[in-house]
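A short write-up of the structure that comes next.
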Amino acid sequence: MTMDIKKMVLQALEQTLKDHWTDTEFTVEKPKNPDFGDYAIPCFHWAKSFKRSPQDIAQQLTPAIHHPLFSKVTAVGPYINVFLDKTYVSKEIIHQIITLKEAFGSNSDGQGSNVTIDLSAPNIAKPFSMGHLRSTVIGNAIANLAEKNGYTPIRINHLGDWGTQFGKLIVAYLKWGSEERVKEQPISELLSLYIKFHDEAEKHPELVDEGRRYFKMLEDGDPQTRYLWNWFREESLQEFFRIYDLLGVSFDHIQGEAFYNDKMDEVVEILNRKGLLELSEGALVVKLDEYDFPPCLIQKSDGATIYATRDLATALFRKRNFDFARSLYVVGSEQSLHFKQVKLALRKADFKWEHEMVHIPFGMMLQDGKKMSTRKGRIVLLEEVLNEAIDLAHQIISEKNPTLENKDEVAKQIGIGAVIFQDLKNFRTNDVDFSFEQMLNFDGETGPYLQYTHARCHSLLRKAGSFIPETSYPITEQEAWIIISHLTRFDEVVKQAWEDYDPSKIARYALDLARHFNSYYAKVRILDSEDRDARLSLVYAVATVIEECLRVLGIKSPPSM
RNA sequence: GCGCCUAUAGCUCAGGGGAUAGAGCGUUGGUCUCCGGAACCAAGCGCCCAGGUUCGAAUCCUGGUAGGCGCGCCA
């Protein structure tokens with residue numbers, strides 16, 4: 001387990017205050033200006049109760065604060081500024097990183113309990129678009145965060161393989177499709193059938209009813225529709241797994257909506273037994289009037305189920321089978337009403353674990369400021385983008401490092417890394433307007449920048465050959481201390497990122513670390529320095545932490561590129 | 001109409017009560033006797049509006065304005 005420096009600082013301060021002060025409430029913050037120390041305590045709030053100026057209070061308290069961690073404590077105006085002992089702290093933190101390696105920053109808060117994570121969930125028979133990238137990479141990073149915080153993540157790909165859309169698709173295939181064409185180009189052919197259906201349905205609305213009827217047949221087990229559905233599903237899965245393989249994402253369970261087909265009667269039965277079902281406009285619903293929410297639809301007027309029913313069945317199944325401590329759903333923000341309704345229906349049915357379910361929303365992937373639409377053919381294919389990024393990485397490698405050995409593999413890692421990082425570096429609920437220009441930018445706040453910094457570290461370590469891990473790093477430069485001080489905050493960031501389900505916190509942390517390191521690198525000689533081993537130890541520490549951040553984000557760190 | 005989300009630099013975004021509001025892209029200028037220039041340094045540009053809470057508000061509350069999303073048989 002890692003030493004939590006902030007915790008130690010807090011404890012030291014608390015102890016001092018207990019001896020000198022009746023009011024032990026205080027806050028600690030990080031001064032923006034490093035000249036003001038590593039931690040600061042504002043004294044304003046004591047001013048009122050003690051009827052003294054905050055400046056006075058700071059002056060009086062300062063001499064009382066002692067701890068081996070602190071090299072200096074000063075009163076500056078209304079603040080008490082605390083300076084950490086640089087030698088002590090850097091020795092400690094570098095020692096930790098060298099011994100713990102990739103486990104640095106991990107904690108055991110979750111005590112191994114299960115967290116199910118519903119991620120990716122593409123729709124069968126539709127192409128894997130840029131839009132699906134978000135759920136996949138955000139969900140994957142959150143699963144990694146769960147693990148780093150001591151939970152056991154269970155990645156579930158809840159495929160969109162059920163629902164009225166398949167009725168529609170089957171109708172379209174029977175009317176206009178051909179077996180040869182689907183076999184040749186499965187996804188694009190199925191997509192154009194789907195688009196054609198919606199075009200035709202504008203002129204002939206009765207088609208929609210026919211689609212619903214075919215879905216009902218599918219649900220009832222009609223062999224022909226069942227056969228077609230299964231065929232479409234297999235073709236799609238093959239295509240999806242080619243992409244998951246590129247992205248480096250894998251799943252513990254692939255249980256699409258169809259998996260719950262035989263588990264939905266139970267849901268209806270439970271709700272019925274508890275007297276929650278009401279007939280409304282021909283459909284069965286759970287009313288949520290007391291929460292000021294629209295009703296949750298359980299069964300359509302034709303007797304077929306609907307997505308809320310499937311999500312209820314899914315929730316029950318996951319609770320039984322995985323006994324989750326939390327159940328996360330990484331699904332677009334436009335579905336937040338739906339998840340609230342499902343949870344309220346569970347609450348009314350007295351399933352007390354309902355509060356363990358968390359919807360983790362994210363913003364939309366837009367194109368030219370507008371929503372992408374499969375039906376209107378306005379989509380960007382993920383695979384296309386990935387391939388383009390890989391090509392560009394290839395090109396740059398042949399310019400900058402033509403003798404690199406495993407070019408193909410590295411180009412793949414960089415290209416994919418660029419795309420994943422672009423998606424994860426900002427807070428998830430922001431909408432993102434897709435642009436090739438941004439995706440293919442490898443400068444500045446990007447995945448390749450982090451990978452480059454990491455590779456640079458490894459280049460130094462390679463050139464150095466062997467070195468003695470020097471754990472008492474002599475801090476002579478401000479640049480080195482900024483790195484060390486940043487490293488002490490990693491534990492905190494890992495916890496915060498998990499609590500907020502926010503991978504961008506890790507991404508930002510890594511960017512700051514890389515930037516601090518690159519400044520240091522530009523200013524300080526390493527291999528031909530008297531402090532060579534000590535500096536190499538710091539280089540090793542930086543490389544290790546950047547690599548770990550990237551791993552959590554689902555990005556590879558090639559040692560050279 | 002109702003509900004949810006968002007508004008910070010030319011652009012994309014961090015910061016979510018505290019000391020001078022930070023990055024990247026783009027622009028301009030610089031660093032090459034260079035351990036990897038996918039880098040570093042510097043210049044420049046500023047919290048949507050109005051009230052309120054507070055010793056202190058970009059940050060919390062209320063009300064506007066603008067945009068996005070959602071609101072029963074799609075998922």
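Reckoned from all heavy atoms, side chains included, excluding hydrogens, waters and symmetry mates. Just so it is clear: chains get the letters A, B, ... in the order the sequence lines come, proteins before strands, and each one is counted from 1.
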Please list, for nucleotides 27-31 of chain B, all pairs of protein and nucleotide N/O atoms separated by less than 3.5 Å.
none

Exercise. Of all of residues 402-412 of chain A, which get a heavy atom below 4.0 angstrom from RNA chain B, listed by number?
Worked result: none
Problem set entry | Proximity to RNA chain B (any heavy atom under 4.0 Å), residues of residues 211-218 of chain A only | A:Arg212
For this session: Check whether the side chain of A:Asn81 and the base of B:A19 form a donor-acceptor pair under 3.5 Å.
Result: yes
For this session: Would you kindly check whether a donor in the side chain of A:Ser280 faces an acceptor in the base of B:G72, or vice versa, at under 3.5 angstrom?
Result: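 Yes.
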For this session: Taking atom types as modelled, find out whether A:Asp500 and A:Gln496 have a side-chain donor-acceptor pair closer than 3.5 angstrom.
Result: yes
For this session: Take the protein atom CD of A:Gln299 and the nucleotide atom P of B:G72, then report the distance between them rounded to whole Å.
Result: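 These atoms are roughly 19 Å apart.
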For this session: Name all residues meeting the side chain to side chain donor-acceptor pair (under 3.5 Å) criterion together with A:Thr453; count only those two or more places apart in sequence or in a different chain, and write none if there are none.
Result: A:Asn518
For this session: For A:Glu479, enumerate each residue passing the side chain to side chain donor-acceptor pair (under 3.5 Å) test, keeping only those at least two apart in sequence or located in another chain.
Result: A:Lys523
For this session: Not counting sequence neighbours, which residues clear ring pair (Phe, Tyr, Trp, His ring centres under 6.0 Å) with A:Tyr291? List them please.
Result: none
Exercise. Listed by chain and number, what are the ring pair (Phe, Tyr, Trp, His ring centres under 6.0 Å) partners of A:Tyr520, not counting sequence neighbours?
Worked result: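 If we apply the ring pair (Phe, Tyr, Trp, His ring centres under 6.0 Å) test to A:Tyr520, skipping adjacent residues, there are no hits.
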Problem set entry | Cation-pi, A:Tyr39 ring and A:Arg489 (6.0 angstrom, 45 degrees) | yes
Exercise. Does NZ or CZ of A:Lys168 fall inside the cone over A:Phe166's six-membered ring, less than 6.0 Å from its centre and within 45° of the axis?
Worked result: no
Exercise. Should the ring pair A:Trp498 and A:Tyr501 be called parallel, tilted or perpendicular, given that the plane angle runs from 0 to 90° and is split at 30 and 60?
Worked result: perpendicular
Taking only N/O atoms, report every protein-nucleotides 66-70 of chain B pair under 3.5 Å with atom names and distance.
unit_1	atom_1	unit_2	atom_2	d
B:G68	O2'	A:Asp431	OD2	3.3
B:G70	OP1	A:Lys371	NZ	3.2

Mind listing the N/O atom pairs, protein and nucleotides 44-46 of chain B, below 3.5 Å?
none

Exercise. Closer than 4.0 Å, any side-chain N/O of A:Asn430 to the OP1 or OP2 of B:A14?
Worked result: yes
Exercise. For B:G72, does OP1 or OP2 lie under 4.0 Å from any side-chain N or O of A:Tyr307?
Worked result: no
Problem set entry | Upstream residue (5' side of RNA chain B) when A:Glu445 and A:Lys463 are each assigned their closest nucleotide |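 Per heavy-atom nearest nucleotide, the more 5' residue is A:Glu445.
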Problem set entry | Contact nearer the 5' end of RNA chain B, comparing A:Thr429 with A:Gln165 |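 Nearest nucleotide further toward 5': that of A:Thr429.
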For this session: Using a 4.0 Å heavy-atom cut-off across all strands, classify A:Tyr521 as base, sugar-phosphate, or nothing.
Result: base
Exercise. Does any pair with a residue in residues 429-443 of chain A pass side-chain hydrogen bond (donor to acceptor under 3.5 Å, both in side chains), and if so which ones, sequence neighbours excluded?
Worked result: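 As it turns out, there is no side-chain hydrogen bond (donor to acceptor under 3.5 Å, both in side chains) pair with a partner in residues 429-443 of chain A once direct neighbours are skipped.
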What's touching nucleotides 52-63 of chain B from the protein side, N or O pairs under 3.5 Å?
unit_1	atom_1	unit_2	atom_2	d
B:C55	OP1	A:Lys48	NZ	2.4

Problem set entry | A:Glu530 atom CD: more than 12 heavy-atom contacts under 6.0 Å | no
Problem set entry | Bracket notation of RNA chain B in which parentheses pair within the strand, [ ] cross earlier pairs, and | pairs with another strand (Watson-Crick or G-U, under 3.5 Å) | (((((((..((((....[...)))).(((((.......)))))....(((((..]....))))))))))))....
